[in-house]
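Here is the structure we will look at.
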Amino acid sequence: MLDYIKGEITELTPASVIIETGGLGYLANISLNTYSSLNGRKECKLFVYEAIREDAYQLFGFIDKRERELFLLLISVSGVGANTARMILSSMATSELESVISSGNSSALKTVKGIGSKTAERIIIDLKDKVKPGESSSSPLSPSNIVTEVAREAVSALTMLGFNQPASQKVVNKIAKDNPDLTVEQIIKTALKML
């Protein structure tokens with residue numbers, strides 16, 4: 001089993017990264033928090049989780065061990081798959097998620113696409129005793145200057161996360177028009193609450 005991959009970033013999108021090491025390019029699915037930390041860097045070390053199924057082999061990458069631990073806790077909950085866990089980690093910083101779970105704030109979890117009342121309650125019940133708030137720190141968001149490029153990246157990420165492209169485009173355009181100084185991550189987080 002792989003624990004981490006360290007190498008050169010050859011391609012980075014808000015939903016995935018390709019890291020080249022030893023002549024091989026590893027594609028890892030990432031959260032927006034990890035994307036924020038990797039943006040602008042040439043090399044990185046990502047902690048990984050291998051999802052091996054009969055029909056697929058996927059890597060999920062995390063900027064630190066705490067994000068990976070939260071991911072593993074989330075997928076241990078019945079009804080929460082790897083992509084849903086990644087969506088939750090993209091919607092809020094790790095420290096915010098820890099606080100939401102430990103305080104039992106199921107309404108904050110329900111703002112994430114694909115999380116209904118029952119799943120939110122199940123996450124709280126299953127993980128409340130396993131999560132301690134304040135053990136991690138969120139990384140700062142990096143600013144971006146070109147609004148159209150930011151909007152394009154945001155729509156691309158939302159489409160990769162499984163949202164309808166025209167609906168994503170409409171929501172992103174509205175957010176970018178109302179708040180032109182937002183970063184890609186901030187636009188996506190806002191869009192996730194509106195879609």
Quick one: does any side-chain atom of [X] pair with a main-chain N or O of [Y] as donor and acceptor, under 3.5 Å?
X: Asn29; Y: Gly61; result: no
X: Thr111; Y: Lys193; result: no
X: Thr119; Y: Ile115; result: no
X: Asp64; Y: Glu67; result: yes
X: Glu20; Y: Ile9; result: no
X: Thr159; Y: Val155; result: yes
X: Ser102; Y: Glu98; result: yes
X: Gln186; Y: Thr183; result: yes

Does any non-hydrogen side-chain atom of [Y] lie less than 4.5 Å from one of [X]?
X: Val100; Y: Leu109; answer: yes
X: Ser78; Y: Arg122; answer: yes
X: Ile124; Y: Asn105; answer: no
X: Leu46; Y: Thr34; answer: yes

Single-linkage hydrophobic cluster, 4.5 Å side-chain cutoff, [X] and [Y] together:
X: Ile125; Y: Val112; answer: no
X: Tyr4; Y: Ile63; answer: no
X: Ile18; Y: Phe47; answer: no
X: Ile19; Y: Leu2; answer: yes
X: Leu24; Y: Leu12; answer: yes

So, for [X] and [Y], which heavy atoms are closest and what is the spacing to 0.1 Å?
X: Thr21; Y: Tyr26; answer: CG2-CE1, 3.5 Å
X: Ala85; Y: Val80; answer: N-CG1, 4.0 Å
X: Ala154; Y: Ile187; answer: CB-CG2, 3.7 Å
X: Leu73; Y: Leu127; answer: O-CD2, 3.5 Å
X: Val184; Y: Pro14; answer: CG1-CG, 3.8 Å
X: Cys44; Y: Leu38; answer: CB-CD2, 3.5 Å

What is the distance from atom [atom1] of [X] to atom [atom2] of [Y], rounded to the nearest 0.5 Å?
X: Ser168; Y: Met160; atom1: OG; atom2: CE; answer: 11.0 Å
X: Leu74; Y: Arg86; atom1: CG; atom2: CZ; answer: 13.5 Å
X: Asn33; Y: Leu97; atom1: CG; atom2: CG; answer: 9.5 Å
X: Tyr49; Y: Gln58; atom1: OH; atom2: CD; answer: 10.0 Å
X: Thr10; Y: Leu27; atom1: OG1; atom2: CG; answer: 9.5 Å
X: Met87; Y: Lys113; atom1: CE; atom2: NZ; answer: 5.5 Å

Do the charged groups of [X] and [Y] touch, with an N to O distance under 4.0 Å?
X: Glu43; Y: Lys6; value: no
X: Lys174; Y: Asp178; value: yes
X: Glu121; Y: Lys118; value: no
X: Lys45; Y: Asp3; value: no

### Task
Step by step, work out the side chain to side chain donor-acceptor pair (under 3.5 Å) result for Ser16 and Thr13.
CA-CA 5 Å; Ser16 66; Thr13 71; 3.1 Å; yes

### Task
Show your working on side-chain contact (heavy atoms from CB on, under 4.5 Å) between Lys189 and Ser91 and close with a plain yes or no.
CA-CA 5 Å; Lys189 285 183 182 186; Ser91 298; 5.7 Å; no

#### Entry: Residues that Lys170 engages under side chain to side chain contact (heavy atoms under 4.5 Å, CB included), provided they are two or more places apart
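With sequence neighbours excluded, Lys170 shows a side chain to side chain contact (heavy atoms under 4.5 Å, CB included) to no residue whatsoever.
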
### Message
Could you walk me through whether Asp55 and Arg53 satisfy the salt bridge (charged side-chain N to carboxylate O under 4.0 Å, His left out) test, starting with their C-alpha distance in whole Å, then the side-chain angles of each, then the deciding distance to 0.1 Å, before giving a yes or no?
### Response
CA-CA 5 Å; Asp55 61 339; Arg53 295 192 323 251; 3.3 Å; yes

### Message
Does the plane of the ring in Phe62 sit parallel, tilted or perpendicular to the ring in Phe71? Use 30° and 60° as the thresholds.
### Response
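It falls in the tilted class, 30° to 60°.
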
### Message
Is there a side chain to side chain donor-acceptor pair (under 3.5 Å) between Tyr57 and Glu50? Walk through the geometry before answering.
### Response
CA-CA 7 Å; Tyr57 174 78; Glu50 297 173 282; 2.7 Å; yes

### Task
Mind running side chain to side chain donor-acceptor pair (under 3.5 Å) on Asn39 and Ser37 for me, showing each step along the way?
CA-CA 6 Å; Asn39 207 359; Ser37 299; over 6 Å; no

### Task
Evaluate the side-chain contact (heavy atoms from CB on, under 4.5 Å) criterion for residues Leu70 and Leu89: first the C-alpha distance (whole Å), next the side-chain angles of each, then the deciding distance (0.1 Å), finally the verdict.
CA-CA 8 Å; Leu70 281 170; Leu89 288 167; 4.2 Å; yes

### Task
Please say whether more than 12 non-hydrogen atoms of neighbouring residues, nucleotides or ligands are located less than 6.0 Å from CD in Glu11.
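Result for CD/Glu11: open.
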
